[in-house]
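Both counts, for ligands and for their atoms, begin at 1 and track the order of listing. Side chains included, hydrogens not; waters and symmetry mates left out as well; all remaining heavy atoms used.
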Amino acid sequence: MRYRSQSVAYWYFAALFGLQLVFGLLSAAKYLGPDPLLDVLPFDVTKAIHTNLLIVWVLTGFMGATYWMVPDESRAELHSTKLAYIQLGLWTAMGVTAVLGYLFGYGTGNKLLEQPLPHKIVIVICMLMFLYNIGMTIKKAGRFTATEGVLLLGLASAAVLYLPALLHYENYVVSIYYRWWTIHLWVEGVWEMIQGGFLAYLLIRLSGADREVMEKWLYVIVGLVFIAGILGTAHHYYWIGVPHYWLPLGGFFSALEPMALVGMAIYAYNAMRRSGLSHPNKLALHWTMGSALFTMFGAGLLGLAHTFPDVNKWTHGTLITAMHGHAAFYGAYAMIVLAMITYALPGMTRRPVEESSIGYWAFWLQLGGMFGMTLSFATAGIAQVYLERILGMGYLDVQLKIQVHFLMLVATASMFSLGVGLFIFDFFRHAPQFNVDEADPVLVPRASGAAL
Ligand code: HEM
Ligand code: HEM
Ligand SMILES: [Fe+2]
């Protein structure tokens with residue numbers, strides 16, 4: 001750690017991943033038969049809590065990672081550590097009360113955006129505090145890198161795109177139409193900038209790759225995702241009651257998105273190959289490369305699998321969607337946050353920079369588990385589409401037929417959860433230590449020893 005204020009990142013990282021999984025497992029268990037919790041915690045509640053915890057922890061991770069990265073890039077202390085802690089307190093209070101609210105059915109019912117209005121307003125306030133703190137840090141430092149620029153553009157745009165979610169629309173079609181301005185343009189637009197910013201930062205630091213080259217390609221790749229992603233929004237407009245010209249538009253532009261994601265994977269792979277594996281924190285490199293590759297698989301390939309209207313008319317809103325949702329979210333946003341944590345942790349704790357075997361177990365169990373979960377959802381989804389939508393069998397009859405896939409889901413999800421458990425254990429295993437160290441070993445690749 002080069003700057004004392006980077007320590008705020010630690011408290012942002014120590015977050016909510018585990019709790020999300022508890023509610024994922026609860027949701028999965030309900031597919032398997034009698035539900036003793038039906039009156040207390042029905043499926044809609046566990047699923048809303050599961051997905052909302054996901055959004056909250058990923059955003060918390062983004063903020064923590066930014067508080068770590070910006071001082072490093074701009075070579076300055078954070079503008080205000082105190083403000084960052086006040087923001088974290090407010091944010092946590094918002095998250096906890098939102099979950100308590102969902103338990104009592106207090107929410108908007110708008111998938112992934114269930115937060116009630118007062119909570120949404122607190123989210124906006126937290127975002128503004130965060131952007132102000134980061135903006136002032138950069139302004140005071142007077143040094144602003146392109147990598148930071150992409151990251152901040154992503155974060156600021158994510159805040160702006162949350163605004164349509166603050167409004168209430170009486171008409172259901174209108175409400176669904178604008179819902180995608182937030183959800184789709186987040187995950188297939190501006191969050192990709194955030195991922196791209198972290199990815200470039202990690203690759204530059206871990207591989208010692210040339211910053212100018214890395215930043216040039218970052219612009220190209222992020223630009224491509226963004227351009228395809230904007231009109232790609234139309235792949236959610238197929239069946240919601242808007243004019244039919246959205247069908248070809250959605251099919252065409254969303255099919256371009258995976259190309260950019262393939263570009264991102266090639267970008268990461270090339271950076272790593274050119275400089276070799278000289279950095280001692282190889283585990284962070286695993287997470288970084290893993291994120292680029294798993295995004296290509298989960299978002300690119302499995303997104304493409306159901307994005308054409310001719311396919312989507314069969315698969316829309318089935319377990320095929322859940323298959324893609326898990327692999328894409330995990331690869332792109334969970335893994336990049338885990339990469340930033342793994343990179344930053346030796347600088348904030350007594351952990352040695354070199355990898356530990358627990359760290360590798362955490363990585364491979366999660367990866368294998370998530371791959372198995374994706375296959376479980378996929379096999380369940382294919383059977384569901386065939387039996388329900390092609391043969392015309394009733395919804396609940398089909399659910400009984402596909403239960404076996406949910407056994408596989410619970411088994412692979414348990415493996416995944418073990419990996420997450422180990423990650424959390426590994427996180428807390430070494431006591432935090434916030435000493436400022438000019439010759440920070442985190443920053444120095446083993447072979448070149450070059451200052452970055
Ligand atoms: C223990 C691990 C997990 C289990 C057992 C699990 C299980 C589930 C289940 C059963 C659903 C409801 C699917 C439906 O609507 O029928 C769901 C939804 C969802 N989960 Fe998970 N999950 C787990 C971990 C994760 C992780 C790590 C992520 C992301 C990083 C994630 C992201 C999502 C998303 C985005 C949805 C909504 C998908 C949709 O509505 O199509 N889950 N999960
Ligand atoms: C990191 C990037 C991505 C993430 C995190 C992601 C996540 C998700 C999630 C959570 C959903 C369910 C949303 C809901 O029903 O509320 C969804 C739906 C969808 N995604 Fe993605 N996605 C990503 C990229 C892509 C890409 C690149 C494509 C196309 C090539 C794609 C195609 C689709 C389609 C067609 C649906 C609608 C499914 C349906 O009709 O039920 N996604 N995505
Ligand atoms: Fe989308």
Side-chain angles (χ1 to χ4, degrees), residues 17-18 20-32 43-44 46-55 57-58 110-113 176 179-180 182-189 191-192 195 225 228-229 232-240 250-251 253-261 264 291 294-296 298-309 311-338 366 369-370 373-374 376-377 380-381 384 399 406 409-421:
F17 197 9
Q20 184 209 340
L21 302 192
V22 172
F23 284 92
L25 282 167
L26 273 173
S27 310
K30 291 172 188 300
Y31 275 97
L32 286 172
F43 178 80
D44 61 326
T46 56
K47 181 173 170 182
I49 296 181
H50 175 56
T51 49
N52 276 267
L53 281 174
L54 165 69
I55 304 259
W57 93 252
V58 164
N110 201 2
K111 188 174 156 195
L112 298 172
L113 297 172
I176 291 295
R179 175 174 171 261
W180 293 112
T182 306
I183 297 299
H184 169 96
L185 291 177
W186 266 2
V187 300
E188 285 160 75
W191 284 22
E192 289 287 354
Q195 187 199 13
V225 185
T233 314
H235 68 181
H236 301 291
Y237 290 168
Y238 297 154
W239 330 113
I240 66 166
F253 283 98
S254 64
L256 295 179
E257 289 174 52
M259 286 182 2
L261 299 176
M264 196 187 273
S291 173
F294 217 87
T295 304
M296 183 172 79
L301 188 69
L302 298 183
L304 191 66
H306 61 154
T307 205
F308 291 112
V311 178
N312 193 263
K313 73 177 174 197
W314 301 104
T315 59
H316 177 63
T318 62
L319 291 162
I320 295 290
T321 309
M323 156 200 82
H324 155 71
H326 280 85
F329 242 112
Y330 180 70
Y333 304 122
M335 286 185 85
I336 200 70
V337 168
L338 300 181
Q366 282 186 48
M370 183 46 83
M373 287 167 62
T374 308
S376 313
F377 275 123
Q384 181 191 13
Q399 295 302 314
F406 280 88
L409 177 71
V410 170
T412 48
S414 305
M415 180 173 157
F416 176 79
S417 304
L418 187 62
V420 174

Answer with side chain, backbone, both or neither: which part of L112 has a heavy atom less than 4.0 angstrom from an atom of ligand 1? neither

What one should report as the nearest heavy-atom pair of G250 and S254 is O-OG, 2.6 Å

So, applying side chain to side chain contact (heavy atoms under 4.5 Å, CB included) with S27, which one of L409, D44, T46 is it? T46

May I ask you to identify, for W191, whether its side chain, its backbone, both or neither come under 4.0 Å of ligand 2 on a heavy-atom basis? neither

When only distance counts, is Y330 in polar contact with ligand 1, meaning an N/O pair under 3.5 Å? no

Rounded to the nearest 0.5 angstrom, the CG-CZ distance for L25 and F23 is 11.0 Å

Side chain or backbone of Y333 under 4.0 Å from ligand 1, or both, or neither, by non-hydrogen atoms? neither

Can you sort out which atoms of ligand 1 are near A322, meaning under 4.0 Å from one of its heavy atoms? 41 (O)

M370 near ligand 1, heavy-atom distance under 4.0 Å? yes

Looking only at heavy atoms, the pair that brings H306 and T321 closest together is CE1-CA, 4.2 Å

Can you list the atoms of ligand 1 that are under 4.0 Å from a heavy atom of L319? 16 (O)

Going by the atom numbers of ligand 2, which of them fall below 4.0 Å from some non-hydrogen atom of S254? 29 (C), 30 (C)

E192 touching ligand 2 at heavy-atom level, < 4.0 angstrom: yes

Using a 3.5 Å cut-off on N or O atoms only, is N312 in polar contact with ligand 2? yes

Does the side chain of K111 reach to within under 4.5 Å of the side chain of K47, using non-hydrogen atoms? yes

What part of F43, side chain, backbone, both or neither, has a heavy atom within less than 4.0 angstrom of ligand 1? side chain

Does L304 have a non-hydrogen atom less than 4.0 Å from ligand 2? yes

Counting non-hydrogen protein atoms only, what is the nearest one to atom 19 (C) of ligand 1? Give residue, atom name and distance. H326 CE1, 3.3 Å

Taking only heavy atoms of Y31, which atoms of ligand 1 are found under 4.0 Å from at least one of them? 14 (C), 16 (O)

Quick one: CZ on R179 to CG on L113, what's the gap to the nearest 0.5 Å? 6.0 Å

Ligand 1 atoms nearer than 4.0 angstrom to some heavy atom of L25 are 1 (C), 5 (C)

Decide whether the shortest distance between a heavy atom of W180 and an atom of ligand 2 is less than 4.0 Å. yes

Go through the steps to decide whether T374 and Y330 satisfy the test side-chain contact (heavy atoms from CB on, under 4.5 Å), and finish with yes or no. CA-CA 11 Å; T374 308; Y330 180 70; over 6 Å; no

Between the main-chain N or O of G298 and the side-chain N or O of H324, is there a donor-acceptor pair closer than 3.5 Å? yes

Look only at interatomic distance and state if R179 has a nitrogen or oxygen under 3.5 Å from any nitrogen or oxygen of ligand 2. yes

What protein heavy atom sits nearest atom 3 (C) of ligand 1, and how far off is it? M373 CE, 3.4 Å

Within the structure provided, determine whether V187 and Y333 are in side-chain contact (heavy-atom separation under 4.5 Å). yes

Identify the protein heavy atom lying closest to atom 40 (O) of ligand 2, giving its residue, its atom name and the separation to 0.1 Å. H316 ND1, 2.6 Å

Atom CE of M415 with >12 non-hydrogen neighbours under 6.0 angstrom: yes

Quick note on ligand 2: atoms under 4.0 Å from a heavy atom of K111 include exactly 14 (C), 15 (O), 16 (O)

Quick one: are H326 and M370 in side-chain contact, heavy atoms under 4.5 Å? yes

Between W239 and N312, is a side-chain contact (heavy atoms from CB on, under 4.5 Å) present by the stated rule, with each step listed? CA-CA 9 Å; W239 330 113; N312 193 263; 2.8 Å; yes

Can you tell me which residue and heavy atom of the protein come closest to atom 26 (C) of ligand 1, and the distance to 0.1 Å? Q20 NE2, 3.2 Å

Sub-4.5 Å side-chain heavy-atom contact between W186 and L112: no

To which protein heavy atom is atom 7 (C) of ligand 1 closest, and what is the distance rounded to 0.1 Å? G24 O, 3.4 Å

Residue, atom name and distance, where the atom is the protein heavy atom closest to atom 15 (O) of ligand 1: K47 NZ, 2.7 Å

Using a strict cut-off of 4.0 Å, indicate which atoms of ligand 2 neighbour a heavy atom of P258. 30 (C)

Test side-chain contact (heavy atoms from CB on, under 4.5 Å) on Q384 and Q399; report intermediate values, then the result. CA-CA 8 Å; Q384 181 191 13; Q399 295 302 314; 3.8 Å; yes

Indicate yes or no: at least one non-hydrogen side-chain atom of I183 is less than 4.5 angstrom from one of H236. no

min-distance protein heavy atom vs atom 29 (C) of ligand 1 -> L54 CD1, 3.5 Å

Atom 24 (C) of ligand 1 - nearest protein heavy atom and its distance: H50 CE1, 3.5 Å

Report the C-alpha distance between W57 and V337 in whole Å, list the side-chain angles of each, state the deciding distance to 0.1 Å, and finish with yes or no for side-chain contact (heavy atoms from CB on, under 4.5 Å). CA-CA 10 Å; W57 93 252; V337 168; 3.8 Å; yes

Listed partners of K30 passing salt bridge (Lys or Arg N to Asp or Glu O under 4.0 Å), at least two apart: D35

Quick one: list whatever passes ring-ring contact (aromatic ring centres under 6.0 Å, His included) with F406, sequence neighbours left out. Y31

Enumerate the protein N/O/S atoms at a distance below 2.8 Å from the Fe ion (ligand 3), ignoring waters. H184 ND1, E188 OE2, H235 NE2, H236 NE2

Applying ring pair (Phe, Tyr, Trp, His ring centres under 6.0 Å), run through Y238 and H316 and close with a yes or a no. CA-CA 9 Å; Y238 297 154; H316 177 63; 8.4 Å; no

of all protein heavy atoms, closest to atom 32 (C) of ligand 2 is H235 CE1, 3.1 Å

Contacting atoms of ligand 2, where contact means under 4.0 angstrom from a heavy atom of T321: 12 (C), 38 (C), 39 (C), 41 (O)

With side chains defined as the heavy atoms from C-beta onward, is the minimum distance between Q366 and M335 less than 4.5 Å? no

Polar proximity ligand 2 side, H236 side, N/O cut 3.5 Å exclusive: no

Note, L261 side chain near E192 side chain (heavy atom, < 4.5 Å): yes

Protein heavy-atom partner closest to atom 27 (C) of ligand 2 - residue, atom, separation in Å: E257 OE1, 3.3 Å

State whether the side chain of T307 and the backbone N or O of G251 hold a donor-acceptor pair below 3.5 Å, judged by distance alone. no

Counting both backbone and side chain atoms, is some N or O of S417 under 3.5 Å from an N or O of ligand 1? no

Hey, does T51 come in under 3.5 Å of ligand 1, counting only N/O atoms on both sides? no

Which atoms of ligand 2 have any heavy atom of A332 under 4.0 Å away? 1 (C)

Protein N, O or S atoms at less than 2.8 Å from atom 21 (Fe) of ligand 2, how many? 1

S27 versus ligand 1: do any nitrogen or oxygen atoms come within less than 3.5 Å of each other? no

